[in-house]
Amino acid sequence: MISPATRAQFEQLLLGALQEGLPAPWRGQAMLQPLPALAQVRDTQAVMLSIATFRCRLHVLVHHGLQPQLQRVFGPAQGEEPGAAVPVTDRLAEYGNLVCGAINRELGRSWHYAGMSTPSHLTGLVLDHLDLLRDQHQIHAEVSVAGERLLGASLLIGSHAPFEFQCIDAPAGQTAGELEFF
Amino acid sequence: MAQVLVVDDSSTVRNEVADFLQRNGLTVSTAVDGKDGLAKLRMDSGIKLVICDVNMPNIDGLTMVEKVRKELNNPTVQIIMLTTENAPAMKERGRAAGVKGWIVKPFNGPAAIGSIKKLVGVA
């Protein structure tokens, strides 16, 4: 229900969002690789978010285990209290939120009324039943840092009718982190 | 008594923002969603600034802001939204409810701290 060009746009969107969502010190070191199958990206756990629009429904998944590399990348930032007892799973949920948020914002530039969910933590076992979502298109990618796999990601696209999508070339009005006063 | 209330369902964001503000001399309390945020504002009339997410369970951020103005009858507390959203319609709803500013995540403390301190009245 989507053309190869639209699928390519979504893949580009996912890869960009995965990189931009990483903690700043790690963005330049990240390698992002599209992969063809869920089996290559799934892990023991996942964070899932959804975006609903009139044209399509998207599911964003961040697949992760509990490897030490995750703590190094997503652990307390420099200067942050080391005792801040925030589990890495919560930090990954926020990472998923940032990734899905970037995709949601880009969709919103072209379409009105895109609604985004909050993150849900899932066990990797539920991925055995992903077909029940009946999403027609699956885009998968792996994120590596310093040569080591960090996590996997999936963008699932379901639609009721054919549609096209293209990212807008012009820069977005507000950049991340900037305080815009009304 | 806290000067700033940080409202977000993510403990990562609550900790990050609160920790940064405290290291910059501000007193901070936190809330896990809009319902908790309203309860904290009812309990502490000294809060000068709320930094609030939009997408949260129970009561979302923009609904919380509207309730702050109408049900809590608090027209003076300054409110900044900290969210992944930036749709014009959402920003307009926030502006109409008296939101002062909007930050697209991730939080950039050094870029915002000067303005935050001015809103709290300590700069």
Side-chain angles (χ1 to χ4, degrees), chain A residues 17 20-24 27 47 49-51 53 60 74-77 79-120 172-182, chain B residues 8-20 22-24 30 32-33 49 51 53-58 60-61 78-116 118-119:
Chain A
E20 282 307 307
L22 289 169
R27 277 177 214 151
V47 172
L49 299 99
S50 303
I51 300 171
T53 77
V60 174
F74 290 102
E80 189 179 336
E81 285 293 322
V86 177
V88 73
T89 47
D90 192 271
R91 294 178 188 272
L92 287 165
E94 185 57 22
Y95 173 64
N97 193 42
L98 294 176
V99 170
C100 192
I103 296 171
N104 184 49
R105 284 196 302 277
E106 187 58 43
L107 288 175
R109 296 177 78 193
S110 299
W111 302 338
H112 296 298
Y113 310 119
M116 186 176 133
S117 76
T118 53
S120 295
Q174 181 180 8
T175 50
E178 166 193 315
L179 170 52
E180 176 189 348
F181 277 111
F182 293 151
Chain B
D8 202 302
D9 57 322
S10 165
S11 59
T12 299
V13 174
R14 290 195 306 272
N15 268 41
E16 177 195 357
V17 177
D19 186 62
F20 177 82
Q22 284 163 347
R23 282 188 277 118
N24 281 272
T30 61
V32 301
D33 56 35
L49 171 67
I51 298 176
D53 189 12
V54 168
N55 291 321
M56 295 183 290
N58 293 318
D60 69 81
Q78 304 280 14
I79 302 175
I80 294 174
M81 307 311 288
L82 172 62
T83 170
T84 61
E85 303 272 4
N86 74 345
M90 217 173 257
K91 284 181 167 179
E92 177 50 35
R93 182 181 167 195
R95 193 201 60 75
V99 166
K100 187 74 174 177
W102 200 278
I103 301 175
V104 172
K105 286 180 174 178
F107 180 65
N108 183 343
I113 189 63
S115 299
I116 287 172
K118 278 186 194 159
L119 290 173

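Naming convention: chains lettered A, B, ... in sequence-line order (proteins, then strands); numbering from 1 in each chain.
No part of B:V54 comes within reach of chain A, as not one of its non-hydrogen atoms sits under 4.5 angstrom from that chain. Looking at A:N104, the atoms closer than 4.5 Å to chain B (heavy atoms on both sides) all sit in the side chain, from C-beta outward. Only the side chain of B:L119 comes within less than 4.5 Å of a heavy atom of chain A; its backbone N, CA, C and O stay farther away. Only the backbone of B:M56 comes within less than 4.5 Å of a heavy atom in chain A; its side chain stays farther off.
Atom CG of B:N15 is separated from atom CG of A:D90 by 8.5 Å, given to the nearest 0.5 angstrom. Here the OH atom belonging to A:Y95 is positioned 14.0 Å from the OG1 atom belonging to B:T12, to the nearest 0.5 angstrom. Put simply, CZ on B:R95 and CZ on A:F181 are 15.5 Å apart, with the number rounded to the nearest 0.5 Å. To the nearest 0.5 Å, atom CD of residue A:E178 and atom CG of residue B:N108 are 10.0 Å apart. Taking CG of A:L179 as the reference point, atom CG of B:L82 lies at 10.0 Å (rounded to 0.5 Å). One distance of note links NZ of B:K105 with CD of A:E94; it measures 4.0 Å at 0.5 Å rounding.
In summary, the side chains of A:T118 and B:N55 do not present any donor paired with an acceptor at a separation below 3.5 Å, with no hydrogens or angles considered.
In terms of non-hydrogen atom pairs under 4.5 Å with chain A, the most contact-rich of B:S115, B:A112, B:G109 is B:S115.
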